[in-house]
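Shown next, in structure tokens, is the structure this report addresses.
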Amino acid sequence: QVDVTAMARLFGYVDVTDSGFIAAVLSIAFNPLFWNVVARWEHKTRALSRVFGSPHAACYCLGTVILMLNCVRSHCFTEAMKSQPKLEGLDCHWAYYSGLAILAVGTLFVISSFLALGFTGTFLGDYFGILMEAKVTSFPFSVLDNPMYWGSTAIYLGWSLM
């Protein structure tokens, strides 16, 4: 037999029927699917590079679309967090400041990753044939293998706690 009381209690704090929650889940799932499909399609066909006249212009265009989709995702996530039930234990100063600290660390990793990789390194330039001269091993890559992913996760975790 399986004791499902913990899972039932957890689902008491998540309203999966809320339209904001559904929009957040869909945007969270859609974004990486979209950019991976588009990047792999570009890698195989070079269609975006031909349409935009160069791999750099196409990469900058895709990167801009990804940034806009991330804004939509962040908005959907924020709206979902506002409409979901709250844990009473997290309605205090220590949870807020812990969330703020986690968000700050995540932001540090995301921004430093972007600065280390540049725009085309961050936004799938390798799929467009835009390669970096050498592997980036400076901070934050000297601390984590995937600092952009871990940083983004930390930002959303911190935002959730706040």
Side-chain angles (χ1 to χ4, degrees), residues 14 20-21 23-49 51-84 86-87 89-162:
V14 179
F21 178 82
V25 168
L26 290 175
S27 66
I28 289 166
F30 175 78
N31 284 8
L33 177 67
F34 169 79
W35 74 61
N36 278 295
V37 168
V38 171
R40 289 169 191 248
W41 174 67
E42 167 63 18
H43 183 68
K44 286 183 181 181
T45 66
R46 298 292 185 228
L48 291 176
S49 293
V51 167
F52 287 97
S54 78
H56 281 85
C59 184
Y60 275 93
C61 181
L62 178 61
T64 301
V65 170
I66 290 170
L67 285 171
M68 288 189 296
L69 287 172
N70 286 343
C71 289
V72 170
R73 177 183 64 187
S74 293
H75 173 74
C76 290
F77 180 83
T78 301
E79 292 304 309
M81 292 303 298
K82 287 183 197 175
S83 67
Q84 290 294 307
K86 312 262 186 289
L87 288 169
L90 294 179
D91 192 18
C92 59
H93 290 297
W94 73 263
Y96 178 83
Y97 289 115
S98 296
L100 189 60
I102 293 168
L103 187 141
V105 170
T107 301
L108 172 70
F109 282 128
V110 168
I111 291 174
S112 60
S113 296
F114 179 81
L115 293 174
L117 294 172
F119 193 92
T120 58
T122 300
F123 293 107
L124 307 166
D126 51 338
Y127 287 89
F128 291 85
I130 306 167
L131 304 176
M132 302 198 62
E133 302 223 359
K135 181 179 179 178
V136 177
T137 56
S138 60
F139 182 82
F141 295 92
S142 60
V143 177
L144 294 169
D145 283 338
N146 299 297
M148 186 74 73
Y149 294 128
W150 285 110
S152 294
T153 302
I155 288 170
Y156 284 108
L157 174 62
W159 193 241
S160 298
L161 288 172
M162 291 172 62

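Here the structure is a predicted model, which is why all the values come from computation and not from measurement.
In this view, Lys82 and Glu79 satisfy the side-chain hydrogen bond (donor to acceptor under 3.5 Å, both in side chains) rule, not counting sequence neighbours. Under the side-chain hydrogen bond (donor to acceptor under 3.5 Å, both in side chains) criterion, Ser49 pairs with Glu42, sequence neighbours left out. Partners of Tyr60 by ring-ring contact (aromatic ring centres under 6.0 Å, His included), not counting sequence neighbours, listed by chain and number: Phe119.
Rounding to the nearest 0.5 Å places OG of Ser152 at 12.5 Å from CG of Leu157. The structure places OG1 of Thr120 at 5.0 Å from CD1 of Ile130, a figure rounded to the nearest 0.5 Å. Summarising the geometry, atom CE belonging to Met81 is positioned 13.5 Å from atom SG belonging to Cys76; distances are rounded to the nearest 0.5 Å. Atoms CZ and CZ, from Arg46 and Phe128 in turn, are 8.5 Å apart once rounded to the nearest 0.5 Å. Annotation: the span from Ile28 atom CD1 to Asn70 atom CG amounts to 11.0 Å, rounded to 0.5 Å. Note that the CG atom of Leu48 and the OG atom of Ser54 stand 11.0 Å from one another [nearest 0.5 Å].
Nearest heavy atom pair, residue Leu69 against residue Asn31, reads O-ND2, 3.2 Å. Between Pro32 and Ala29, the shortest heavy-atom contact is CD-O, 3.7 Å. Here the closest heavy-atom approach between residue Cys59 and residue Gly125 is recorded as SG-CA, 3.7 Å. Minimum heavy-atom separation, Thr107 to Ile155: N-CG1, 3.7 Å.
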(request) Starting from the C-alpha separation in whole Å, work towards a yes-or-no answer on side chain to side chain contact (heavy atoms under 4.5 Å, CB included) for Phe139 and Phe109. (result) CA-CA 9 Å; Phe139 182 82; Phe109 282 128; 3.9 Å; yes
(message) Please evaluate residues Phe123 and Leu62 with respect to the criterion side chain to side chain contact (heavy atoms under 4.5 Å, CB included), reporting the C-alpha separation (whole Å), side-chain torsions for both, the decisive distance (0.1 Å), and the verdict.
(response) CA-CA 7 Å; Phe123 293 107; Leu62 178 61; over 6 Å; no
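A side-chain hydrogen bond (donor to acceptor under 3.5 Å, both in side chains) check over residues 90-106, counting only residues at least two apart or in different chains, returns nothing. Applying the side-chain hydrogen bond (donor to acceptor under 3.5 Å, both in side chains) definition to pairs two or more places apart or across chains, none involves residues 122-150. Sorted by first and then second residue, the side-chain hydrogen bond (donor to acceptor under 3.5 Å, both in side chains) pairs with a member in residues 153-162 read Arg73-Tyr156, Ser74-Tyr156, Thr78-Trp159; sequence neighbours excluded.
Dense packing is recorded around NZ of Lys86, with more than 12 heavy atoms of other residues, nucleotides or ligands lying under 6.0 Å away.
Residues Ser83 and Phe21 form no side-chain contact, since every pair of their non-hydrogen atoms from C-beta on lies 4.5 Å or further apart. Taking the side chain as every heavy atom from C-beta outward, Leu124 and Ile66 approach each other to under 4.5 Å.
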